[in-house]
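Just so we're clear, the structure is a prediction, and the values are computed from it rather than from any experiment.
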Amino acid sequence: MAGHFSGQRVVITGASSGIGAEMARQMASQGARLVLAARREPELKAVAEECRQLGGAATTVVTDVTVRSQCRALMESSVAALGGIDVLVNNAGISMREEFEHIANLDIFEQLMRVNYLGSVHCTHYALPQLLESRGSIVVVSSLAGKTGVPGLTGYAASKYALHGFFESLRIELLDSGVTVTMACPGLVKTGLIRYGGEQGTIRSGMSVETCARIIVRAAGKRKREVIMTPLAKAGQFIKPFLPSLIDRIARRKVRPT
């Protein structure tokens, strides 16, 4: 099925599972040419094979986005495989859930910033010359936690706020270049992203991965500035400047560490 991404040269980080893998499948079904990046090679190769079966072209590059040289190598490999880059999807990310007073090991804060924030900065830096040449687009999978503080997610929210600050500034720098930035802000999505202390848990409530990816892919195809997923989330963003204390209370009531 042809679509916005037919023939587009797309690099997706964090593509071995969750939202990244589903975005890859949906773009592949539109005929995208994909380079998929993540740390877990077997899962990454499995997603690439699914993409080929759906009609897209897909290659894989094992990448840890916390290592700057690997981000550079990813973009070099992508250019070698695709001849250039039209779309960069910064999706690689990790999370946490623990109220700050109960956190014993602060290393998680550094890890969150290295993966969620600096990984996207590094990948964008090395992809930008190609994106400028193609007048391409940058898609950033952020979070509502990058716009509204969330209890139990202090480090995660901080890393996502950093993403917004960086990419909103970059968008302005690129205003006359033809390169666009789409910020995607999901709320709760049914993935295995949350870490409870040192353990990883599965999110069983919220939006499905398929629906979330479909919304992001559609917004990316239209080069939207920002996408917020649900009417309730949109209403919250509208109300927040006028009734910030109300939004704080709602966040506290709806999101509690378990």
Would you check if [X] and [Y] make a side-chain contact, meaning some heavy-atom pair closer than 4.5 Å?
X	Y	value
Ser137	Thr182	no
Leu128	Leu88	no
Arg97	Leu153	yes
Tyr156	Asn116	yes
Lys147	Glu226	yes
Ile94	Leu112	yes
Asn90	Leu163	no
Met96	Ile103	yes

Drop me the distance from [X]'s [atom1] to [Y]'s [atom2], to the nearest 0.5 angstrom.
X	Y	atom1	atom2	value
Leu36	Glu43	CG	CD	13.0 Å
Arg72	His125	CZ	NE2	9.0 Å
Thr154	Phe109	OG1	CZ	3.5 Å
Ser208	Arg214	OG	CZ	6.5 Å
Ser29	Gln53	OG	CD	13.5 Å
Asp86	Glu133	CG	CD	10.0 Å

message: Using a 6.0 Å cut-off, check whether atom CZ of Arg114 has over 12 heavy atoms from anything other than its own residue.
response: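 Yes, because the 6.0 Å sphere around CZ of Arg114 holds more than 12 heavy atoms from other groups.
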field: Over 12 non-hydrogen atoms of neighbours within 6.0 angstrom of CZ in Arg225
entry: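 Result for CZ/Arg225: open.
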Where the side chain of [X] meets the backbone of [Y], is there a donor-acceptor pair that is under 3.5 Å apart?
X	Y	result
Arg68	His122	no
Ser134	Ile85	yes
Arg33	Leu82	yes
Arg135	Thr180	no
Arg52	Ala58	yes

Minimal non-hydrogen separation, [X] against [Y], with atom names:
X	Y	result
Leu44	Ala38	CD2-N, 3.6 Å
Asn105	Ile108	O-CG2, 3.7 Å
Pro186	Val141	CG-CG1, 4.4 Å
Ser142	His164	OG-NE2, 2.8 Å
Met113	Ala162	CE-CB, 3.9 Å
Val35	Ser78	CG1-OG, 3.4 Å

query: Taking it one step at a time, do Thr211 and Val189 satisfy side-chain contact (heavy atoms from CB on, under 4.5 Å)?
result: CA-CA 9 Å; Thr211 299; Val189 180; over 6 Å; no
Hydrophobic clusters here meaning ILVMFWY residues chained together by side-chain heavy-atom distances under 4.5 Å, can you tell me if [X] and [Y] are in one?
X	Y	answer
Leu34	Val139	yes
Val79	Val89	no
Val10	Tyr126	no
Val61	Val67	no
Val140	Val115	no

Chi angles and distances behind the side-chain contact (heavy atoms from CB on, under 4.5 Å) call for Thr13, Leu74: CA-CA 9 Å; Thr13 66; Leu74 167 61; 4.1 Å; yes
query: Any salt bridge between Glu49 and Lys45, counting N to O under 4.0 Å?
result: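 Looking at Lys45 together with Glu49, the answer is no, because their closest N to O distance does not fall below 4.0 Å.
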- request: Given side-chain contact (heavy atoms from CB on, under 4.5 Å), test Phe166 with Ser120 step by step and report yes or no.
  value: CA-CA 10 Å; Phe166 174 82; Ser120 293; over 6 Å; no
- prompt: Which side-chain hydrogen bond (donor to acceptor under 3.5 Å, both in side chains) pairs, counting each pair once, include a residue from residues 168-179, with sequence neighbours left out?
  reply: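 Counting only pairs at least two positions apart or across chains, no side-chain hydrogen bond (donor to acceptor under 3.5 Å, both in side chains) contact touches residues 168-179.
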message: Please tell me whether Arg40 and Ser17 have a donor and an acceptor in their side chains that are separated by less than 3.5 angstrom.
response: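 Checked: Arg40/Ser17 side chains pair up, N/O donor to acceptor below 3.5 Å.
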- request: For the residue pair Gln30 and Gln26, confirm or rule out a side-chain donor-acceptor distance under 3.5 Å.
  value: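 Short answer, no.
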- request: Start with the C-alpha gap between Ile138 and Leu170, add the side-chain angles, then the distance that decides, and say whether side-chain contact (heavy atoms from CB on, under 4.5 Å) holds.
  value: CA-CA 10 Å; Ile138 302 165; Leu170 182 62; 4.0 Å; yes
message: My understanding is that only residues two or more places apart in sequence, or in another chain, count here; which of them pass ring pair (Phe, Tyr, Trp, His ring centres under 6.0 Å) with Tyr117?
response: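 If we apply the ring pair (Phe, Tyr, Trp, His ring centres under 6.0 Å) test to Tyr117, skipping adjacent residues, there are no hits.
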